[in-house]
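Here is the naming used below: chain letters follow the sequence lines, and residue numbers restart at 1 for every chain. These numbers were taken from a predicted model, which means no experiment stands behind them.
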Amino acid sequence: MDRELQCVIAGFGGQGSLFAGKVIATAGLIEDREVSWMPSYGPEMRGGTANCSVTLSDEPIGSPLVLHPNALIALNQPSFDKFLPTVAEGGIVVADTAMVPELREAPGVTVVGIPAAKLCEEAGIKGLGNIVLIGKLWAAFPFCGQEALEGALAQVAGKKPAMLEKNKIALELGMKA
Amino acid sequence: MAQKVLMKGNEAMAEAAMRAGCRHFFGYPITPQTEVAAYMAKMMPKVGGTYLQAESEVAAINMVYGASAAGARVMTSSSSPGISLKSEGISYMAGADLPGVIINVQRGGPGLGGIQPSQADYWQATKATGHGDFQIVVFAPSTVQEMADYAFEAFDVADRYRVPVMILADGMLGQMMEPVVLPEAIDPADLPAKPWATCGHGHARPHNVANSLYLTAAALEDLNRERYERYGAIKAAEQRAECYRTEDADIVLVAFGGAARVARSAVNAARERGIKAGLVRPITLWPFPEDTLAEALDHAKAALVVEMNMGQMVEDVRLVANGTVPVEFYGRTGGVIPAPEEVLAAVEALSGKVGE
């Protein structure tokens, strides 16, 4: 399977889309691949949404802005609606159904929904829906090795051991959901 | 080998500058260069350096002038409108032969414009960063690695020729993260002495003066001529460019910085469609890499200049081509990043026009 990942992660500010992007980018760094991470920083952020583009590739990366993602992580309805039509054919969309009540299909695109925010709340790790969705995406499309992904989580979320534990639980929840 | 780390372009430039021995940073906040100043604010106190948020851009560049005159490695950073405000001070630095590094993380213009990535300050950087007869060296990095490498090297080039040096980046490069290997740190104490600096000497020598005011026309002319001899040396020694798939290229794309990343993708897509395309990527915008470009155009049928502006570097490309091949332009402006397929369409159209 081609592991080239061109991912868009989108949600409200505070849902951790930029952070989730950083975890994925760090996994690429650990595997010594070409990596780019590009946040939205323009007027759309003022509207309360935040998104980022992440590319993991074996070739030098052109524009870091992902226009036709082969993977979309949608943390809320406006992001799902906005980015679903941009997903490339054969691509995969992972959406948090707790936040995206109206899932739609798109031709040639696999849409997977899990109630990530709700699962987190039930597991006592509220606010880690972003990491659950990374796990779910990885299970459907293993864009990097499992060790690299876990290592990335430890690097990015590892400053507080208690938080890292919760993040690990979230990743596993997603992988098994 | 040193460890690769994931860093924003803005942070990589700041860290590399500190590793080059820069211990003084004077700035004023503006998007999208914010992380340069934020990084300096956090890190400078840890190495005994100065981070100072001035009351304005004009004040900041004059602080750069002062620190440079005293012999220090010094930097300032801004985005487009802020660079306009600094341009008076940059001219004064050029007139007083003071080295220093100025970062411009470009955003859309004119005026306050927008905050999204742009390359619309090419003319300002290469032709008129202020009033008077002068040039500054302009580096145009295209990756976070190059942002670190050239922010580091900029200090050497500035000191070697006693000229201001600009790193011309854009909001895309500044905001994005990529893996980067940072340069080895230099101890500022190990840097060569600057015999011209206006630092304390205990009456050991006649005093030095940093000045750009010369009221005698003949003296000012002589000084400008001497400076242009130095510019000649810079032109001879410092032109840099990267060629990508140009050996047999019929269509030579010319692009710098962020736009070059998009152009590179378009070159690969064009090759897949059987069009012999290549890319010349100027790394120094001044001095403009005339020799490398002329060589690539020598056996080409046409050139396509791709910029995130309304067409600025295209004029320098036309000067180099000098009528030998048609030079066309494709650009997006106002903060819009061109899509690879748009550039590909322009390559295909040009290829169709100039024929087999």
Problem set entry | Within 6.0 angstrom of A/Glu147 CD, more than 12 heavy atoms from elsewhere | no
Exercise. Minimum heavy-atom separation for B/Pro179 to A/Arg33, with atom names?
Worked result: CG-O, 4.3 Å
Exercise. So how far is it from B/Arg264 CZ to A/Ile61 CD1, rounded to the nearest 0.5 Å?
Worked result: 10.5 Å
Exercise. So, for A/Tyr41 and B/Met172, which heavy atoms are closest and what is the spacing to 0.1 Å?
Worked result: OH-N, 4.3 Å
For this session: Provide the closest heavy-atom pair for B/Ser265 versus A/Ser63 in the form atom of the first, atom of the second, distance.
Result: OG-N, 4.3 Å
Seminar exercise, completed: Between the CG atom in B/Leu173 and the CE atom in A/Met38, the distance rounded to the nearest 0.5 Å is 8.5 Å
Exercise. Got a second to check how far A/Thr26's OG1 is from B/Leu6's CG, nearest 0.5 Å?
Worked result: 5.0 Å
Exercise. Side-chain contact, heavy-atom cut-off 4.5 Å: B/Pro340 with A/Leu67?
Worked result: yes
Exercise. Are B/Glu178 and A/Val35 side-chain neighbours, meaning at least one heavy-atom pair lies under 4.5 Å?
Worked result: no
For this session: For each of B/Gly114, B/Gly9, B/Pro117, tally heavy-atom pairs with chain A at distances under 4.5 Å, and name the one with the top tally.
Result: B/Pro117
Exercise. If you count heavy-atom pairs under 4.5 Å with chain B, which of A/Glu34, A/His68, A/Gln155 comes out on top?
Worked result: A/His68
Exercise. So among A/Pro64, A/Pro39, A/Ser40, which one has a side-chain contact (heavy atoms from CB on, under 4.5 Å) with B/Gln175?
Worked result: A/Pro39
